[in-house]
Peer 1: 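Would you mind keeping the following structure in view while I ask a few things?
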Amino acid sequence: MAIGQITKLAKYVNQLINDAGIRADLAAITGAALSGWKRNLLRATISNVQRMLDAQVVNVWEYAHLAVGYSVGGDPATWNWTPAIREAVNSRGNLPLAVEFPDGIYWADDLILVPEKTTIFSYGQATIVARDMMLISGGIEIPLFGILGASNVQIFGLRFRMEPKPMSYTGPCIRALGGNLNGEGNQEYLTNKAGTQFRTVVTKMTDIKVRDCYFDYWGNWQFAASYADYRNIKFTDNESFGCIRGAIVGYGNDGTGEHIYAQRNIFVFTDEGAVTQRAQPNPCAIKIDGYCKHVFVTDNSGYANEVNGKFYSVPLIHVETECDTVLIDRNLGTGDYVTNFIIVGVGQVDSISNKQGPCRNVTVSNNRSKIAGISLYCEMPHNLKDVNNTFLSTDNSTTRVFTYIDMTTEPWATGANAAYFRANFASVAFPIDVTIDGGDGLITTTSAGKYGVSALRVKTLNIKGTKLRGGQVNVNLADCTDITVAGVSGKGALRGLYATGCTDLSIGGKSKFDASDKPPIELVSCADFSVQDSRLIHKPGIPATDYSIRMTGCSLGVVSGCTHRGIGIRTDGSCVDISIHANFGNSTSSDNATGVRITTTDAVAAVMP
């Protein structure tokens, strides 16, 4: 055999020996660590291990070496992951991207911009801890995750916590904001570049979803979407504890939204949460603000307790500023320091745009609450249906159950910030077409200012089949027009129904009112009204001078077919054209065989037994 052939054979034998060693090493338990891999963009059919790995979602640990403090074998919870997370979420440019966070704690301390078509998620117990993200000088609220002019973004399955517990106002956890990532708009503003002013950039942003996340001790909004034209925004199945606020969509100058979903979220506000709560008024669980259409706020629950005796005006759900086609359904609110459960409002007088307007086509249905204040507070809604809600209000200086008001009576309506409101809505600044259908309202006190239904200047109000218990007045109506009260049960209040300055008022449909101090029904300066087919009951011990129905300064009225338990009916104060007939009662001092005593001081009143 030639020397050359012997050399080749020796090399071949040596190669076989080495190859066997390599195979043995690869087959060992630690063999996988001997193989290297670097992610490439997938450009061909998956036919080898490289391409199969390239096809997997991005794992944030692929960029762990960029974390500040990184060391092999070190404690990942002590590293600053901000640069690693930034690199991970931007690793594919404008291509669709999914970034997974395995179980663990990831510390971050600065803004992370999220590009379009990005999903950030965890299937385990990954917790992102934000440290020292306080309010920046100049009032700029820097978020942890910023979605700037981007669409098709999902964040789900993550836990967020702020450390230390915030002692002052902070930036939001996740914020979507109008603008884009090419430098135009608000990127510099969001990153607090010196001297940068906020610019309104109305960008269309679609399909932004935050779901199945847990927020712990956050000092501002958990999710905020503002200053953009939003479509299909979903904040669903999230939980929060000890945060100052929940989620807000649509706020800001020219901010709009369509198909907004806040569903199946749980919010717990406690004195163990952000210290900021103790000074901040009006923290909300859910707020939809700014010309949003097709809004669904359903199946959420919220709880708030005392924060050093200062948990002022906490609306769990707040919808305002010309929102249209809104469903608020099957929500639950509890806590002695929730002073507003649901608000349907016209807008903030101190907002940037200074624009206020009524919400339209709103359905509030099947909600339940046990709170300290106003269960449902509506500012000049147009076409609102209040259906089968169950509200219990405990003692509070502003306790109401169902409240509908005319905004021209508000002090701010004459101020500089209300110019837009006066120019566009002053002539229709009252609630229009309100229906209260069914439901149950309970107030646990009878002190002054506690009303079951409180309506001011409502045009077309229908109350039917509703149960109202407790309070100073079951139904309080002022300057309303076209009112129907049918099948309503009011009891346990000092006064049943009290109406002043109302016209076209119909009370009947087997309604029942009792009272413990004042007349079950009292009408003052009302015209064109009827009280029919109702049962009116005095509680024992009421003053002998009070009556089951009392009318003062009224005209064009009919009282008939009612059953009275007590003294009877009284008219005074220059009543005109009042017809009283076919009533029945148990008064021993009645003026006729019907058992109803009729007392009138008005010579012009037409009274027929």
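When reading the values below, keep in mind they use all heavy atoms of this one structure, side chains included, and skip hydrogens, waters and symmetry mates. The first residue in the sequence is number 1, and the count goes up from there.
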Peer 1: Under 6.0 Å between ring centres: does that hold for Y217 and F241?
Peer 2: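 Centroid separation for Y217 and F241: below 6.0 Å.
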
Peer 1: Is there a side-chain contact between T403 and V453 (heavy atoms, below 4.5 Å)?
Peer 2: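 No - every pair of side-chain heavy atoms lies 4.5 Å or more apart.
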
Peer 1: Who passes side-chain contact (heavy atoms from CB on, under 4.5 Å) against L392, sequence neighbours left out?
Peer 2: K370, T394, L442, T444

Peer 1: Given the side-chain rings of Y303 and F267, with only the six-membered ring counted for Trp, is the space between their centroids under 6.0 Å?
Peer 2: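 Not close enough - the centres of the two rings lie 6.0 Å or further apart.
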
Peer 1: Angle between ring planes, Y261 versus F296, binned at 30° and 60°: parallel, tilted or perpendicular?
Peer 2: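 Aromatic pair Y261/F296 classed parallel.
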
Peer 1: Please evaluate residues I537 and S548 with respect to the criterion side chain to side chain contact (heavy atoms under 4.5 Å, CB included), reporting the C-alpha separation (whole Å), side-chain torsions for both, the decisive distance (0.1 Å), and the verdict.
Peer 2: CA-CA 7 Å; I537 303 172; S548 53; over 6 Å; no

Peer 1: Say whether, by atom type as modelled, one donor and one acceptor occur between the side chain of T466 and the main chain of G438 under 3.5 angstrom.
Peer 2: yes

Peer 1: Any side-chain heavy atom of D482 sitting closer than 4.5 Å to one from L461?
Peer 2: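 No, side chains not in contact.
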
Peer 1: D237: what forms a salt bridge (Lys or Arg N to Asp or Glu O under 4.0 Å) with it, not counting sequence neighbours?
Peer 2: R264

Peer 1: So L384 and Y404, side chain to side chain contact (heavy atoms under 4.5 Å, CB included) or not? Walk me through it.
Peer 2: CA-CA 10 Å; L384 183 140; Y404 309 90; 3.8 Å; yes

Peer 1: Side-chain donor-acceptor pairs under 3.5 Å in residues 505-512, sequence neighbours left out?
Peer 2:
residue, atom, partner, partner atom, Å
S511, OG, G487, N, 3.1
S511, OG, V488, N, 3.1
S511, OG, G508, O, 2.6

Peer 1: Could you walk me through whether Y214 and F160 pass the ring pair (Phe, Tyr, Trp, His ring centres under 6.0 Å) test, one step at a time?
Peer 2: CA-CA 6 Å; Y214 187 92; F160 297 93; over 10 Å; no

Peer 1: Give me the atom names and distance for the closest heavy-atom approach of C526 to G501.
Peer 2: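 In terms of heavy atoms, the two residues are closest at SG-N, 4.1 Å.
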
Peer 1: Do you know the tightest heavy-atom contact between G146 and P143?
Peer 2: CA-CG, 4.1 Å

Peer 1: At what distance, to the nearest 0.5 angstrom, does CG of D528 lie from SG of C554?
Peer 2: 11.5 Å

Peer 1: Backbone N or O of A262 within a donor-acceptor pair of the N300 side chain at under 3.5 Å?
Peer 2: yes

Peer 1: Taking N366 as the fixed residue, which of D329, V387, T390 is the one that meets the side chain to side chain contact (heavy atoms under 4.5 Å, CB included) rule?
Peer 2: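 Filter result, single survivor: D329.
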
Peer 1: Does some side-chain heavy atom of W221 sit less than 4.5 Å from a side-chain heavy atom of K287?
Peer 2: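 Yes. Closest side-chain heavy atoms under 4.5 Å.
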
Peer 1: Could you tell me whether the side chain of Y230 and the main chain of A176 form a donor-acceptor pair under 3.5 Å?
Peer 2: yes

Peer 1: About how many Å separate CD1 of I436 and CD1 of I463, when rounded to the nearest 0.5 Å?
Peer 2: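 Rounded to the nearest 0.5 Å, the CD1-CD1 separation comes out at 4.5 Å.
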
Peer 1: Where is the tightest heavy-atom contact between K204 and S151, given as atom of each residue plus distance?
Peer 2: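 Nearest pair, atom of K204 first, then S151: O-OG, 3.7 Å.
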
Peer 1: Between the side chains of D440 and R469, is the shortest nitrogen-to-carboxylate-oxygen separation below 4.0 Å, so that they form an ion pair?
Peer 2: yes

Peer 1: Look up atom NE2 in H259 and atom NE2 in H294, then write down how far apart they are to the nearest 0.5 Å.
Peer 2: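 Nearest 0.5 Å value for the NE2-NE2 distance: 5.0 Å.
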
Peer 1: With a 4.5 Å limit on heavy-atom distance, are the side chains of T334 and F341 in contact?
Peer 2: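 No; the side chains remain at least 4.5 Å from each other.
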
Peer 1: So F425 and F421, would you call those rings parallel, tilted or perpendicular, with 30° and 60° as cut-offs?
Peer 2: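 Tilted.
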
Peer 1: Going through the checks in order, is the side chain to side chain contact (heavy atoms under 4.5 Å, CB included) test met by I120 and F145?
Peer 2: CA-CA 10 Å; I120 301 172; F145 284 110; 3.9 Å; yes

Peer 1: What do the steps show when you test S525 against T500 for side chain to side chain donor-acceptor pair (under 3.5 Å), and what is the final call?
Peer 2: CA-CA 6 Å; S525 301; T500 177; 5.3 Å; no

Peer 1: How far apart are the closest heavy atoms of V114 and A150, and which atoms are they?
Peer 2: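 Closest approach of V114 to A150, heavy atoms only: O-CB, 4.0 Å.
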
Peer 1: Nearest 0.5 Å, please: how far is OG in S375 from CG in N340?
Peer 2: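 These two atoms lie 9.0 Å from each other.
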
Peer 1: Taking all atoms of both residues into account, what is the closest heavy-atom pair of S365 and L327, and its distance?
Peer 2: OG-CD1, 4.0 Å

Peer 1: Taking N389 for the side chain and V364 for the main chain, is one N or O donor matched with an acceptor at less than 3.5 Å?
Peer 2: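 Checking the backbone N and O of V364 against the side chain of N389, a donor-acceptor pair under 3.5 Å is found.
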
Peer 1: Would you say N238's side chain and D212's backbone share a donor-acceptor pair under 3.5 angstrom?
Peer 2: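 Answer holds: yes.
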
Peer 1: In plain terms, say whether R161 and D216 are close enough for a salt bridge, that is, a side-chain N and a carboxylate O under 4.0 Å apart.
Peer 2: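 No, R161 and D216 are not salt-bridged.
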
Peer 1: Mind checking whether I483 and L477 have side chains closer than 4.5 Å, heavy atoms only?
Peer 2: yes

Peer 1: Please tell me whether D289 and T321 have a donor and an acceptor in their side chains that are separated by less than 3.5 angstrom.
Peer 2: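 Checked: D289/T321 side chains pair up, N/O donor to acceptor below 3.5 Å.
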
Peer 1: Which value, rounded to the nearest 0.5 Å, describes the distance between D324 atom CG and C359 atom SG?
Peer 2: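 Answer rounded to 0.5 Å: 8.5 Å.
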
Peer 1: Between K293 and E258 (salt bridge meaning N to carboxylate O under 4.0 Å), is one present in this structure?
Peer 2: no

Peer 1: Any heavy-atom pair between the side chains of I208 and I147 that's under 4.5 Å?
Peer 2: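 A side-chain contact exists here, since the closest heavy-atom pair is under 4.5 Å.
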
Peer 1: Would you tell me whether S240 and Q222 have side-chain atoms, one donor and one acceptor, within less than 3.5 Å of each other?
Peer 2: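 The answer is yes; a qualifying pair exists.
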
Peer 1: Tell me, yes or no, whether the heavy-atom count around K209 atom NZ, taken from other residues, nucleotides or ligands under 6.0 Å, exceeds 12.
Peer 2: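 More than 12 heavy atoms, drawn from other residues, nucleotides or ligands, come within 6.0 Å of this atom.
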
Peer 1: Checking F513 against N474 for the side chain to side chain contact (heavy atoms under 4.5 Å, CB included) test, could you report, in this order, the C-alpha distance in whole Å, the side-chain angles of both residues, the deciding distance, and whether it holds?
Peer 2: CA-CA 8 Å; F513 292 99; N474 292 139; 4.2 Å; yes

Peer 1: Are the side chain of N265 and the backbone of Q263 linked by a donor-acceptor contact shorter than 3.5 Å?
Peer 2: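 Yes, the answer is positive, given that a donor and an acceptor are paired below the 3.5 Å cut-off.
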
Peer 1: Flag the pair V531 / I521 as yes when at least one side-chain heavy-atom distance between them is below 4.5 Å, and no otherwise.
Peer 2: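 A side-chain contact exists here, since the closest heavy-atom pair is under 4.5 Å.
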
Peer 1: Looking only at heavy atoms, what is the nearest atom pair of K518 and A515, with distance?
Peer 2: O-CB, 2.9 Å

Peer 1: Could you state the interatomic distance from CZ (F215) to CZ (R159), rounded to the nearest 0.5 Å?
Peer 2: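 Rounded to the nearest 0.5 Å, the CZ-CZ separation comes to 11.0 Å.
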
Peer 1: Tell me, please, whether F156 has R211 positioned over its six-membered ring: NZ or CZ under 6.0 Å from the ring centre and within 45 degrees of its axis?
Peer 2: yes

Peer 1: Could you tell me whether a side-chain N or O of N331 sits under 3.5 Å from a main-chain N or O of N367, the two making a donor and an acceptor?
Peer 2: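 Not a single qualifying donor-acceptor pair exists.
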
Peer 1: Just by distance, do the side chain of Q472 and the backbone of G449 share a donor-acceptor pair under 3.5 Å?
Peer 2: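 Between the backbone of G449 and the side chain of Q472 there is a qualifying donor-acceptor contact (under 3.5 Å).
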
Peer 1: Heavy-atom distance under 4.5 Å between the side chains of E322 and R360, does that happen here?
Peer 2: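 Counting from C-beta outward, E322 and R360 do come under 4.5 Å.
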
